[in-house]
2 protein chains.
Amino acid sequence: MNSTRKQEIINIASRLFKERGYNAVSMRDIAQAMDMKAASLYNHISGKQEILATLILEVAEEFTEKMNSIASETSTPLQKIKKVIEVHIDITVNFSEHIATLNNDWIHLEGVSLKRVVKMREDYEDNFRNIIKQGISEKQIKPQHPEVILFSILSTLRTLYLWNEKRGKMDVNVLKKDMVSVLINGIV
Amino acid sequence: MNSTRKQEIINIASRLFKERGYNAVSMRDIAQAMDMKAASLYNHISGKQEILATLILEVAEEFTEKMNSIASETSTPLQKIKKVIEVHIDITVNFSEHIATLNNDWIHLEGVSLKRVVKMREDYEDNFRNIIKQGISEKQIKPQHPEVILFSILSTLRTLYLWNEKRGKMDVNVLKKDMVSVLINGIV
DNA sequence: AAACAAAACTAACGATTGTTAGTTAGATAT
DNA sequence: ATATCTAACTAACAATCGTTAGTTTTGTTT
């Protein structure tokens, strides 16, 4: 199977897309980073779009699986939110290259892949929103507009990859503890 | 002066950049949206880069001014943070198109403009970080890692433009109140 | 009415883009 | 040894890109 070589291409492309964005990276750029010529890439992938789609779906599916698992747990809304934060941090650390592309370049997906990723994103947000609403109705969470809570937490988690590198030596478990504390209990 | 026509171009480009990103928008796209031919744009601007640079610097300077003003105030760190949040919301609402480009396409700036924007961004973060550190040392803020607090608040503010449209009829002042509450006091 | 400047136009340039066709080198299987 | 298959190569394509040169239209000033 060419699957290992294909994965190599995707990983290298992932790094370049993160640095410069999908449209600013040419097939010749990817090929050069792979030490081959652009035309040779087509022995392993069908085109630039396939690289983008595979790349993004790999990590999007990771998020979807984990969220579905959390949503169907039998625990309190607050415990679920804590889990969501931790899972997000884990995925960000493990797929640190892919995440930038998921966040910035999903717009450049076409056709079915675009539809699929948008749907997954919506479902993810719906799940999260429902957990928050549940928490409010159980009086575990302040009766604030759910949308404000949802996007406060979600934007922080989604852009975590941007400063994850700067976090330097901060241990992942410390990071989890701190972020859970800040996002749930505030800063005062 | 051609300054009004130039501003028209920048505003239209701003809308297109927001929707598709800098690299996916051609000069011919901008021209078409302006009801003219691409070559005619060059009567008003020197090139695509100038559009991007002017666009981004317009709003970046807004942030810098406001932050400098807040930093030099004589008020408690917590009051300053509240002000920063409110200012961010105001600018996001007033420059809703520009903000997307500032956030996503600043990487595509070149030369002096790039250097300048990066510097402004760093200064802005430094100011914010110092306010937080001050708050911690005055025991107004929990002794958490300042970086976690800084980026939790900042990522939420920076991506506000993404869901600002969905916020629908929510009044700006209500939004300010809710966000200050969530970001400072948490959700429980 | 003549002169002028501003802002639009047409046409074209060199460079780069994603992709295809056809070919060749190297490894594996018969 | 021969045939087969994989994965690399060279060369080229049509399309699109940002930009320039030269020209014409439009509107204002004298």
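Because only heavy atoms are used, hydrogens play no part in the values below, and waters and symmetry mates are left out as well, while side chains stay in. Below, read A as the first sequence line, B as the second, and so on, with proteins coming before strands; counting in each chain starts at 1.
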Walk along nucleotides 16-25 of chain C from 5' to 3' and tag each nucleotide B, S or - by protein heavy-atom contact under 4.0 Å, base first, then sugar-phosphate.
-BBBBB----
B/E50 CD to D/dG18 C1', in whole Å, measures 14 Å
Salt bridge check, B/R116 against B/E61: does any charged N sit closer than 4.0 Å to a carboxylate O?
yes
Enumerate the ring-ring contact (aromatic ring centres under 6.0 Å, His included) contacts for residues 18-43 of chain A, please, sequence neighbours excluded, ordered by first and then second residue.
A/F17-A/Y22, A/Y22-A/H108
State which residues pass ring pair (Phe, Tyr, Trp, His ring centres under 6.0 Å) with B/Y161; sequence neighbours excluded, sorted by chain then number.
none
I need the CD1-C1' distance between B/I45 and C/dA7, as an integer number of Å.
13 Å
Using atom CE of A/M34 as one end and atom C1' of D/dA7 as the other, report the distance to the nearest whole Å.
11 Å
Salt bridge (charged side-chain N to carboxylate O under 4.0 Å, His left out): which pairs involve residues 179-188 of chain B, sequence neighbours left out?
none
Can you measure A/K37 atom NZ to D/dC9 atom P for me and round it to whole angstrom units?
6 Å
With sequence neighbours left out, write down each residue that passes side-chain contact (heavy atoms from CB on, under 4.5 Å) with B/S152, or none if nothing qualifies.
A/T156, A/V182, A/L183, B/V148
For residues 81-90 of chain A, which residue pairs qualify under salt bridge (charged side-chain N to carboxylate O under 4.0 Å, His left out), counting only residues two or more places apart or in two chains?
A/E73-A/K83, A/D90-A/K176
Nearest-Å distance for atom pair CG/C1', residues B/L41 and D/dT20
14 Å
Bending between helix ends of the helix from C/dA1-D/dT30 to C/dT30-D/dA1 [5 pairs per end, 10° resolution]
0°
Under 4.0 Å from OP1 or OP2 of C/dA6: is there any side-chain N or O of B/R5 that close?
no
Do A/N43 and D/dA8 share a donor-acceptor pair, side chain to base, under 3.5 Å?
yes
Find the distance B/E8:CD to C/dA7:C1' and express it as a whole number of Å.
13 Å
At under 4.0 Å, does any side-chain N or O of B/H44 touch on OP1 or OP2 of C/dA8?
yes
What residue pairs, at least two apart or across chains, pass salt bridge (charged side-chain N to carboxylate O under 4.0 Å, His left out) with a residue in residues 10-23 of chain B?
B/R15-B/E19, B/K18-B/E165, B/R20-B/D29
For D/dC9, does OP1 or OP2 lie under 4.0 Å from any side-chain N or O of A/S40?
yes
Please identify each residue that fulfils salt bridge (charged side-chain N to carboxylate O under 4.0 Å, His left out) with A/E110, with sequence neighbours left out.
none
Using a strict cut-off of less than 4.0 Å between a Lys/Arg side-chain nitrogen and an Asp/Glu carboxylate oxygen, indicate whether A/E8 and A/R5 qualify as a salt bridge.
yes
